[in-house]
Asks: 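Okay, handing you the structure first.
These numbers come from a predicted model, not from an experiment. Values below: every heavy atom of this structure, side chains too, minus hydrogens, waters and symmetry copies.
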Amino acid sequence: MADNKNLMDKLVSLCKRQGFIFQSSEIYGGIGGFWDYGPLGVELKRNIREAWWHDMITGHDNTLTPEGAPSPYSMTGLECSIVMHPQVWKASGHYELFHDMMVDCHECKSRFRADHIGSSQCPQKPSKCPGEHDKCDLTEPREFNLMFKTHVGALFNPDSEAYMRPETAQGMFVNFKNVVDTSRVKLPFGIAQIGKSFRNEITPRNFTFRSREFEQMEMEFFCRPEESRQWYEYWRDQRYNWYVNLGLKSDKLILRDHEADELSHYSNGTADIEYAFPFLGEGEYGELEGVAHRGDYDLRSHSEGKLVRDGDGFAVELGEDGKPKYSGSGKDLRYHDQVANEKFFPHVIEPAAGCDRAALAFLCEAYTEDQVPDGKGELQERIVMKFHPRLAPIKAAVLPLRKKEDAEIAKDIYRKLKPYWNVFYDEGGSIGRRYRRQDESGTPYCITVDAETAEDNSVTIRDRDSLKQERIPVDELIGKLHEKLSGA
RNA sequence: GCGGGAGUAGCUCAAUGGUAGAGCGCUGGCCUUCCAAGCCAGAUAUGCGGGUUCGAUUCCCGUCUCCCGCUCCA
């Protein structure tokens, strides 16, 4: 743990000095729970997003049955607004769960829901309610809201209140009908979205792990109810393997099924994909992604009104007037299977990933200290970020060995590669220093131009992890890099 | 939100009620050229606000941020 703590400190320092992650608004003293991605960090995150988008959507083959899947399926993308109609959050259940009037006691440091004071116990005198004991020192009821509130329109009044989305998922549900009506998709299919979400966390902690503004990569997979269990299992494995294939070691990554009492109000089953972050204790894991079986909870809620558990199933929650407590849209969001001519609410499997958490996990996993012989053959400590080539912010660096003689040829090579990849040109400092700089940025390959290049038009490619160099003709460079970077 | 600790250069750290230093890194130059070599020159810092004081980075108060513990955690 002490080593891990130390490792986390070193990683935070590296993120700052290499331009991966900065504290938001740092020159004004910072603001808790918000983070900025620097020149390298933005490339890392972009690569994570693109890997996810490619592997989930654009690279998915709608016509074949992937291994482990019950059938072929289709995938589509979507991008929704962050501010939505406030009723979305009432029907979804977020408003009730994220929004409470709370009373705190200065004396016993407890917090109570304002509407439950009469049925709560004072921790110091359990026979009385909070506030009835002599020593109680209660605050006024205070609004306690995990959703960021804003106002739509220039006039501030209660009718203009709106919320920044606390998750991207609802955008997929409320657009379910739009997607079905316009894209000719048939069950089973997924709608995927990447975007920012906002939660007013009480305690942002652990670097970027729990932030107030964060990016989600979420997919809602709609299927026939009777197939939902199989799809749930398919997506659990699929998503777990995605992280492993991008370099997270499987002994640091677990797939953990939620206990029954841990399940969300809507869920028929949830598994977390969790990573052994260095800031956690031995044997502890932090959530990267949740894969939830949401049943038909969301589509039904947005049709009929917010649901509550009713025996084994769900029923619309009713207010005192016998009408839905939080009404839905009233639109029929059932899927119409035109072949079988039946209408039903599809069931939903939701793999919901945190992009920033993935970025943090990949940073933690990449951070490596090893030893490399210097010019005299003595071992020197090296810090190297061993990113998977798909995720590396810079794919290759072009380095002239001798600044004067080799620079022009090196620049030509740089220009040849630039249209394909984010390539970096560096002629400053000794070659060893430049290699180390690229190691700390996580650049997988360094292309070095030397005296031989002018003679036979060949360069060396240095491998970041093995330090091995391979000499190849310049004409084969693009093909070679394609092969190496495609991510064996 | 509570309690404790901490904020000095890009990073890691030093020092001081009276001109704020170092190492590494960074920039320019010379020399060198396959794994952080050398020489010369240079830039960059006391989180923010207030108070005490002739003078505050140092003492006091507030605030913000970070760390640890509690609390919270779809």
Asks: Can you say whether the rings of A:F173 and A:F222 are parallel (under 30°), tilted (30 to 60°) or perpendicular (over 60°)?
Replies: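 Perpendicular.
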Asks: Around A:E470, counting heavy atoms of other residues, nucleotides and ligands shown, do more than 12 lie under 6.0 Å from its CD?
Replies: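 Yes, because the 6.0 Å sphere around CD of A:E470 holds more than 12 heavy atoms from other groups.
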Asks: In whole angstroms, how far is the C1' atom of B:U32 from the CD atom of A:E405?
Replies: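 Going from CD in A:E405 over to C1' in B:U32 covers 11 Å.
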Asks: Is B:U58 paired to anything, Watson-Crick or G-U wobble with both distances less than 3.5 Å, and if yes, which nucleotide?
Replies: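 For B:U58, the partner nucleotide comes out as none, under the 3.5 Å rule.
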Asks: Distance check, C1' atoms only: B:U16 and B:U8, in whole angstrom units.
Replies: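 Approximately 12 Å lies between the C1' atom of B:U16 and that of B:U8.
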Asks: At a heavy-atom distance below 4.0 Å, what parts of residues 455-465 of chain A sit against RNA chain B?
Replies: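 Hits under 4.0 Å, by residue number: A:T460, A:R462.
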Asks: Starting from P on B:U71, measure out to CG on A:L146 and report it in whole angstrom.
Replies: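 So the two atoms are 17 Å apart, to the nearest Å.
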Asks: So, applying side chain to side chain donor-acceptor pair (under 3.5 Å) with A:T460, which one of A:Q469, A:K468, A:E452, A:R471 is it?
Replies: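 Of all the options given, the one that passes is A:Q469.
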Asks: Taking CZ from A:R436 and P from B:C34, how many angstroms apart are they, rounded to a whole number?
Replies: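 To the nearest whole Å, that distance equals 15 Å.
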Asks: Between atom CD in A:E26 and atom C1' in B:C64, what is the gap in whole Å?
Replies: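 After rounding, the reported distance stands at 13 Å.
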Asks: In whole angstrom, give me the gap between the C1' atoms of B:U46 and B:A22.
Replies: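 Their C1' atoms lie roughly 16 Å apart.
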Asks: Can you tell me the distance, in whole Å, between the CD1 atom of A:I31 and the P atom of B:C64?
Replies: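 Taking atom P of B:C64 as the reference, CD1 of A:I31 is at 11 Å.
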Asks: So which nucleotide from B:C68, B:A36, B:C34 ends up closest to the side chain of A:E440?
Replies: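 Selected nucleotide: B:A36.
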Asks: Can you tell me how far C1' of B:C68 sits from CZ of A:F279, to the nearest Å?
Replies: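 After rounding, the gap between these two atoms is 15 Å.
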Asks: Do A:S458 and A:D456 pair up side chain to side chain, a donor and an acceptor below 3.5 Å, judged on atom types alone?
Replies: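 Yes, side-chain donor-acceptor contact under 3.5 Å.
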Asks: Is the shortest side-chain N/O distance from A:T448 to OP1 or OP2 of B:C34 below 4.0 Å?
Replies: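 No, no such contact exists.
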Asks: Is there a donor and acceptor pair, one atom on the side chain of A:E201 and one on the base of B:C73, closer than 3.5 Å?
Replies: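 There is none.
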Asks: Taking only side-chain nitrogens and oxygens of A:R212, does any of them come within less than 4.0 Å of OP1 or OP2 of B:C73?
Replies: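 No, A:R212 has no side-chain N/O under 4.0 Å of OP1/OP2 on B:C73.
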Asks: Distance between the C1' atoms of B:C35 and B:C13, in whole angstroms?
Replies: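 B:C35 and B:C13 have their C1' atoms separated by 28 Å.
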Asks: Could you tell me whether A:P373 contacts a base, only the sugar-phosphate backbone, or nothing, with contacts defined as non-hydrogen atoms closer than 4.0 Å?
Replies: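 Counting heavy atoms under 4.0 Å across all strands, the contact made by A:P373 is with sugar-phosphate only.
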Asks: Roughly how far apart, to the nearest Å, are B:G21 and B:A45 at atom C1'?
Replies: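 Roughly 11 Å separates the two C1' atoms.
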Asks: Under 4.0 angstrom, heavy atoms only, what part of the nucleic acid is A:R402 near: base, sugar-phosphate, or nothing?
Replies: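 The residue A:R402 makes base contact.
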Asks: A:E381 near the nucleic acid: base, sugar-phosphate alone, or nothing, with a heavy-atom cut-off under 4.0 Å?
Replies: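 Base, at least one base heavy atom under 4.0 Å.
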Asks: Closer to the 5' end of RNA chain B via nearest nucleotide, is it A:Y28 or A:F207?
Replies: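 It is A:Y28, whose closest nucleotide lies nearer the 5' terminus.
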Asks: If you measure from the C1' atom in B:U57 to the same atom in B:G7, how many Å do you get, rounded?
Replies: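 Per the computed distance, 11 Å lies between those C1' atoms.
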Asks: Using only heavy-atom distances, determine whether the side chains of A:T448 and A:Y435 contain a donor-acceptor pair under 3.5 Å.
Replies: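 The answer is yes; a qualifying pair exists.
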Asks: Across the strands shown, which category fits A:S13 at heavy-atom distances under 4.0 angstrom: base, sugar-phosphate, nothing?
Replies: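 It contacts sugar-phosphate atoms only.
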Asks: How close or far is atom C1' of B:G47 from atom NZ of A:K16, stated in whole angstroms?
Replies: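 Distance, rounded to whole Å: 12 Å.
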Asks: The test is salt bridge (Lys or Arg N to Asp or Glu O under 4.0 Å); show your working for A:D439 and A:R462 and say whether it passes.
Replies: CA-CA 11 Å; A:D439 290 341; A:R462 168 198 184 257; 3.0 Å; yes
Asks: Using a heavy-atom cut-off of under 4.0 Å over every strand shown, decide if A:F209 touches base, sugar-phosphate, or nothing.
Replies: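 Nothing, no nucleic acid heavy atom in range.
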Asks: 5'-most contact on RNA chain B: A:S430 or A:V449, nearest heavy atom basis?
Replies: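 Per heavy-atom nearest nucleotide, the more 5' residue is A:V449.
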Asks: Can you tell me which residue among A:W35, A:F279, A:F277 is in a ring-ring contact (aromatic ring centres under 6.0 Å, His included) with A:F207?
Replies: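 Among the candidates, only A:W35 passes.
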Asks: Work out how far the C1' atom of B:U58 is from that of B:A20, and round it to whole angstrom.
Replies: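 Roughly 11 Å separates the two C1' atoms.
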Asks: Rounded off to whole Å, could you give me the CG-to-P distance for the A:L467 and B:C35 pair?
Replies: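 The distance from CG of A:L467 to P of B:C35 comes to 11 Å, rounded to the nearest Å.
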Asks: With heavy atoms under 4.0 Å as the rule, sort A:Q23 into base, sugar-phosphate or nothing.
Replies: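 Answer is sugar-phosphate: A:Q23 comes under 4.0 Å of backbone atoms only.
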Asks: When rounded to the nearest Å, what value does the distance between C1' atoms of B:A56 and B:G49 take?
Replies: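 Between the two C1' atoms, the distance is 14 Å.
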Asks: Among B:G25, B:C34, B:C70, which is the nearest nucleotide to the side chain of A:R205?
Replies: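 When the side chain of A:R205 is considered, B:C70 is the closest of B:G25, B:C34, B:C70.
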Asks: Ring of A:Y37, cation from A:K45 - is the NZ or CZ under 6.0 Å from the centre and inside 45° of the axis?
Replies: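 Flagged: A:K45 positioned over aromatic ring of A:Y37.
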Asks: Quick one: the side chain of A:Y435 and the base of B:C34, do they pair up donor-acceptor inside 3.5 Å?
Replies: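 Pair found.
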Asks: Can you tell me if A:R210 touches the phosphate of B:C72, counting only side-chain N or O atoms and a distance under 4.0 Å to OP1 or OP2?
Replies: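 The answer is no; no side-chain N or O of A:R210 sits under 4.0 Å from OP1 or OP2.
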Asks: Which one of A:R165, A:E218, A:H302 satisfies the side chain to side chain donor-acceptor pair (under 3.5 Å) criterion with A:Q170?
Replies: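 With A:Q170 as partner, side chain to side chain donor-acceptor pair (under 3.5 Å) holds for just one option, A:H302.
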Asks: Would you indicate which nucleotide in B:G10, B:A36, B:C26 comes nearest to any side-chain atom of A:Q380?
Replies: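 Per side-chain heavy atoms of A:Q380, the pick is B:A36.
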Asks: Provide the distance between the two P atoms, one in B:C34 and one in B:G42, to the nearest whole Å.
Replies: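 The answer is 31 Å between these two P atoms.
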Asks: Have a look at A:D450 and say if it touches a base, only the backbone sugar-phosphate, or nothing, with a 4.0 Å heavy-atom cut-off.
Replies: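 Base, at least one base heavy atom under 4.0 Å.
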Asks: Does this structure show an ion pair linking A:R300 with A:E304, if we count only N-O contacts that are shorter than 4.0 Å?
Replies: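 A:E304 and A:R300: salt-bridged.
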Asks: Classify A:K404 by what it touches in the nucleic acid, base, sugar-phosphate, or nothing, heavy-atom distance under 4.0 Å.
Replies: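 Answer is sugar-phosphate: A:K404 comes under 4.0 Å of backbone atoms only.
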